[in-house]
K.L.:
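Got a structure for you, questions after.
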Amino acid sequence: MDLIEALINLALVMLIAPILDGFARKVRARIQCRIGPPILQTWYDIIKLFKKRDIDPEVSGKLYSISPYLSLAFSLIAVLIIPIGCREPPLSFTGDVLLLIYLLASSSLLMAFGSTASGNPFSGIGASRMLSMMILGEGMLAGSIITFSVFSGSLRIGSVIKILSTSPHLATTVALIPLAVFVYLESERVPLDIHEAEPEIIGLLVEFSGRKLGLMKYSLMIRSTVLATLLIYLAFPWWLADSYTSPFYPISIILWLLLLFLLTFIFTVLDSSLARYRINNAIESLVPFICISFLSIVLAFLGV
Amino acid sequence: MVIALIPCALLVFGALISLFIRDKWICNLLINSITALSCFLIAAAGVEGFLTKAEISLPLDLEMGIDPLSAVFCIVLGVIGFSISIYSIKYMEIYDKMRYYGICYTSFMLAMYLVIIVRNAFWFILFWEMMTLSSYLLVVYEHEKEEVRRAGFKYFVMTHIGVACIITAVLLLYQQANLAGIPGMSFSSLSSASRLMPPYLLHICYLLLLIGFLVKAGAVPLHSWLPDAYPAAPSNISALLSGFTAKTAVYATIRMFFIVLPVDFWCGILLISSGLLSMFFGGIYALRQVDSKRLLAYSSVENMGYILLGVGAGLSLFASGKGVLGSIAISAGILHTVNHALFKALLFLSAGSVIYRTGRRNMDLLGGLGKQMGVTSLLALIGSLSASGVPVLNGFVSKWLIYSVTASSWEIPILPICAAVAVMMSAITGAFLLKYWSSIFTGRPVEEVKECPKQMITGEAILAASCIILGIYPALALSPIAEISGELGIPIGVVKEQLLTGIFLIGPVAVSTISLITVFSFLSLFLLLTVAFLRPIGIRAEPWFCGARPSDLRYQASSYYRNIEEAMRAAYIGAPGISLRIYKEPNTDRFLVSPFVRAFKRISRAFLLPAMGYIQLYLALMFLALLLIVGVIAWIS
């Protein structure tokens, strides 16, 4: 494990994730003909939340208090497994893609367990909706990740990206579709923001306040940044430096940032122009993508 | 090897004295202490077996031996049997019929132990049958209840169809051994006989053995006894059934298909398909359950799917010449067997604790126990998270190994697809265990209960501690498991290197690194934020209910996954359009079990025909039978 690279990646993602959210808020405001908050507004929000006093429900358990930390911890470890700028991620071994899936899922799962531990039945509704979406999401993610690994003959993100950069194929292009949908789903945007349920006020985070709320939101942002990065590099596997000492490294970081902002822009435009689904619509709309992701595995085996 | 025989003697002694003790309390204490002690010795025998590979041959061809494969299972039986016995000391207080319990429990334990160490097919079948019968008697413990009797009968019928298949297969092998002039029914002589067998007969043997073992394992489509039998039994027995009895089928599968019989590719594919079905249907049925133990029973079916996927992948890879990868697949399957035994026993015991205090299994009517049963709730949480595969706990390591192996077996295209399904099913595991944990332990308390007694908590805590230890340091289980590949003719060193350090993973080293990083980053986050933002103390308030009166509101277990159930209704009922409210699980019994039961009834009715109440007729029949026997004997000699 390369410690310097790990620290750089962590710092980058931790800094950028709230800014991306701020950017999304700005874009949404512009679409709605508002001026919108400053781009650093999400950072201000998080810092303010960290300083605030918590209000805990009487019936809550211990897990309610520690789950935000655990959830954030899992999201941060996931940062170490994806490459940013360099071709080799800091923590790299065979099977790291599968670990990535598990870390992100565990982060969501702990969020769900923590929110039900608050004792509020509305959190329970949020948690069960989140997991319903996660079941379908994991199906899409697993299908497309396995496609990439079958295609490239490797279970290491570093080597998958290296092999992808030589020749793009139909199978991997098809596999990008469910992956993109999954990234969209995980970044909690309309029409798939079922469990957050902003318009209904009740939802997964209903009982979280103060620092716990801040941690949960931060964890969500980091998770969606990690996934967006994965999507970017699987779609554009070319612009990666060999190591962080190479002169190309700053350029590849800038390219990464540009693509990240571009992706956020596209997602936000979609988000602002669509209406929210009911949960059963959302579930039914995702089923075809699971089929696509499994189809792409078959395509990868056929070698097209 | 002498140490391996002490538990047998102890358990027989336990069964005998339980006949003579009338006092319920003493009998309970004595039986459970004796079983706990013998489980401890069983684990010791397992460790000894590792070091010396002991073998012993008693009169009547009773050959026993502990090789690494048996040793791993011995240790698992030792650990879970020990903690379940400690738990039972208090748990069994809510039941009567202690002498019945004593005899059945000790002989059940004895049979499970003997099944995994015996080396002779005749005795194997005998002990297998003894295990089935004693567990049947334990399943129908509360035989006053109609549904318990029904569940028990189903268990009895299905497992005996399985036993019949196993006996037929072994007899076929024995006949072949006789033809070839190989004496005895020991595994080694059957093994050499099977090498001489015509292929079609060998394939029939494979199929029969497979049916026999899959019934016991509770794999789809032969699982239909399992979700009835596990909830019907007392919880400690369910824990043992799910934790070990189902695992003896895994043991037998590995013993028979890898060591005794020549490896076969299609057998592996059958195992994989059954694993895939179990994983899928076990997962989505568990999502729907409102009975806590029934949910866990389906979860066992699902986990059995993971194990069969690992073992089946191993078998297919072996048969196609990829020995090392195959060994890793089997090791992954066995590691999941070990892990599943630990966390599922823990979960069943926690469900038992809830029954002990509230007497209820219906999760719709439970809630808010977390405040009053804090420790039980924590232990159940560890079990749930471990089963869902959250890193730092043991379930993650084995699931990840299974995915890694299957996803990189590109030679057999079905395997990477199975890996994708398995990952998806893992999310379902998380979903239904969230339902299990949160609908029982979170929310507003519905009643006043006390924490469980210390003995019960100790039993669960041992299992929970092993879940955490194996999660952080999986090499503890993996290096003994890697020894098994030595028996399959693969150099242990290579497998060990691949499993522990090689390219396959930076292995448990990496996994434990992951666990350590997780723990470290969690702690540092916690400390950093607490120090950096010394916050004012939080206040406690009513949960926010959108203005409704809190007492009105409960989120029932049955409503957790309504939407996803609607979306998957085709999988539940086979025909879309039928309302979910009246759905039943697809009844595989209708064409798998009922024909046998009906045929059996018809045959028995035929025997009733001469029973018309004339004693002369009976005497005449007996005389005829005697004549027939004499005639046959005369003809043979």
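These numbers come from the heavy atoms of this one structure, side chains and all, not from hydrogens, waters or symmetry mates. Below, read A as the first sequence line, B as the second, and so on, with proteins coming before strands; counting in each chain starts at 1.
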K.L.:
Identify which part of A:Ala112 has an atom lying under 4.5 Å from any heavy atom of chain B, answering side chain, backbone, both or neither.
P.N.:
both
K.L.:
Quick one: does A:Pro121's side chain get under 4.5 Å of B:Arg444's, heavy atoms only?
P.N.:
no
K.L.:
Would you mind checking which part of A:Ser154 comes under 4.5 Å of any heavy atom in chain B, side chain (CB onward), backbone (N, CA, C, O), both or neither?
P.N.:
backbone
K.L.:
Which one of A:Val150, A:Leu109, A:Asn280 has the most heavy-atom pairs closer than 4.5 Å to chain B?
P.N.:
A:Val150
K.L.:
Looking at B:Tyr561 and A:Leu131, what are the two nearest heavy atoms and their distance?
P.N.:
OH-CD1, 3.7 Å
K.L.:
Distance from B:Leu525 atom CG to A:Leu76 atom CG, nearest 0.5 Å?
P.N.:
6.0 Å
K.L.:
Which bit of A:Leu141 comes within less than 4.5 Å of chain B, counting heavy atoms only: side chain, backbone, both or neither?
P.N.:
neither
K.L.:
Select one option (side chain, backbone, both, neither) describing which atoms of A:Ile146 are under 4.5 Å from chain B's heavy atoms.
P.N.:
side chain
K.L.:
At a heavy-atom separation under 4.5 Å, does A:Ile101 approach chain B through its side chain, its backbone, both, or neither?
P.N.:
side chain
K.L.:
Is it the backbone or the side chain of A:Leu98 that comes under 4.5 Å from a heavy atom of chain B, or both, or neither?
P.N.:
both
K.L.:
Which one wins on heavy-atom pair count under 4.5 Å against chain B: A:Glu138, A:Arg278, A:Lys62?
P.N.:
A:Glu138
K.L.:
Return the minimal non-hydrogen interatomic distance between A:Ile297 and B:Ala420, and the atom names on each side.
P.N.:
CD1-CB, 3.9 Å
K.L.:
Is there side-chain contact between B:Pro391 and A:Leu103, with heavy atoms separated by less than 4.5 Å?
P.N.:
yes
K.L.:
Report which part of A:Ile66 has an atom under 4.5 Å of a heavy atom belonging to chain B: side chain, backbone, both, or neither.
P.N.:
both
K.L.:
Looking only at heavy atoms and a cut-off of under 4.5 Å, which of A:Gly137, A:Gly61, A:Ser149, A:Gly143 has the most pairs with chain B?
P.N.:
A:Ser149
K.L.:
Run the side chain to side chain contact (heavy atoms under 4.5 Å, CB included) test on B:Tyr560 and A:Ile125 for me, step by step, so that the C-alpha distance in whole Å, both residues' side-chain angles and the decisive distance to 0.1 Å come before the verdict.
P.N.:
CA-CA 7 Å; B:Tyr560 264 70; A:Ile125 296 177; over 6 Å; no
K.L.:
I need the residue from A:Ile47, A:Leu136, A:Leu70 with the largest number of non-hydrogen atom pairs under 4.5 Å to chain B.
P.N.:
A:Leu70
K.L.:
Heavy atoms only: give me the nearest B:Lys371-A:Glu58 pair and the separation to one decimal.
P.N.:
CE-O, 3.8 Å
K.L.:
Heavy-atom cut-off 4.5 Å, strictly under: side chain, backbone, both or neither for A:Glu207 against chain B?
P.N.:
side chain
K.L.:
Which bit of A:Leu72 comes within less than 4.5 Å of chain B, counting heavy atoms only: side chain, backbone, both or neither?
P.N.:
both
K.L.:
Could you check whether any side-chain heavy atom of B:Met424 comes within less than 4.5 Å of a side-chain heavy atom of A:Ile290, counting everything from C-beta outward?
P.N.:
yes
K.L.:
Does atom CZ (B:Arg540) have a neighbourhood of more than 12 heavy atoms from anything else shown, all under 6.0 Å?
P.N.:
yes
K.L.:
Grab the two heavy atoms, one from B:Ala431 and one from A:Ile135, that are nearest each other, plus how far apart they are.
P.N.:
CB-CD1, 3.9 Å
K.L.:
For the backbone of A:Phe301 and the side chain of B:Trp410, can you confirm whether one donor and one acceptor N or O come within less than 3.5 Å of each other?
P.N.:
no
K.L.:
Nearest 0.5 Å please: distance from the CD1 atom of A:Ile77 over to the CZ atom of B:Phe522.
P.N.:
11.5 Å
K.L.:
Side chain to side chain contact (heavy atoms under 4.5 Å, CB included), that's the test. Do A:Leu155 and B:Ser408 meet it? Break it down for me.
P.N.:
CA-CA 7 Å; A:Leu155 278 173; B:Ser408 53; 4.0 Å; yes
K.L.:
Would you say the rings of B:Tyr403 and A:Tyr102 are close, in the sense that their centroids are separated by under 6.0 Å?
P.N.:
yes
K.L.:
Which one, A:Ser108, A:Ala127, A:Gly153, leads in non-hydrogen pairs under 4.5 Å with chain B?
P.N.:
A:Gly153
K.L.:
Closest heavy-atom contact between A:Leu99 and B:Trp400?
P.N.:
N-NE1, 3.7 Å
K.L.:
Count the heavy-atom pairs under 4.5 Å between each of A:Ala300, A:Gly210, A:Ser60 and chain B, then report the option with the highest count.
P.N.:
A:Ser60
K.L.:
Sort out for me which of B:Gly370, B:Gly368, B:Ser426, B:Ala419 touches chain A most, counting heavy-atom pairs under 4.5 Å.
P.N.:
B:Ser426
K.L.:
So does A:Ser128 get a backbone contact from the side chain of B:Lys435, meaning a donor-acceptor N/O pair under 3.5 Å?
P.N.:
no
K.L.:
Looking at B:Pro413, B:Ser438, B:Gly430, B:Ala407, which makes the most heavy-atom pairs under 4.5 Å with chain A?
P.N.:
B:Pro413
K.L.:
One pair to check against side chain to side chain contact (heavy atoms under 4.5 Å, CB included): B:Ile539 and A:Asp56. What are the steps and the verdict?
P.N.:
CA-CA 6 Å; B:Ile539 51 172; A:Asp56 299 348; over 6 Å; no
K.L.:
How about B:Tyr555 and A:Thr116: does a side-chain donor come under 3.5 Å of a side-chain acceptor?
P.N.:
no
K.L.:
Once the angle between the rings of B:Trp437 and A:Phe113 is folded into 0 to 90°, is it parallel (under 30°), tilted (30 to 60°) or perpendicular (over 60°)?
P.N.:
tilted
K.L.:
Verify side chain to side chain contact (heavy atoms under 4.5 Å, CB included) between A:Met133 and B:Ile564, making sure each step is shown before the conclusion.
P.N.:
CA-CA 9 Å; A:Met133 299 302 280; B:Ile564 202 130; over 6 Å; no
K.L.:
Select one option (side chain, backbone, both, neither) describing which atoms of B:Lys399 are under 4.5 Å from chain A's heavy atoms.
P.N.:
side chain
K.L.:
Please classify the contact of A:Ile55 with chain B as side chain, backbone, both or neither, using a heavy-atom distance under 4.5 Å.
P.N.:
both
K.L.:
Heavy atom to heavy atom, less than 4.5 Å: which residues from residues 380-390 of chain B reach chain A?
P.N.:
B:Leu381, B:Ser384, B:Leu385, B:Ser388, B:Gly389, B:Val390
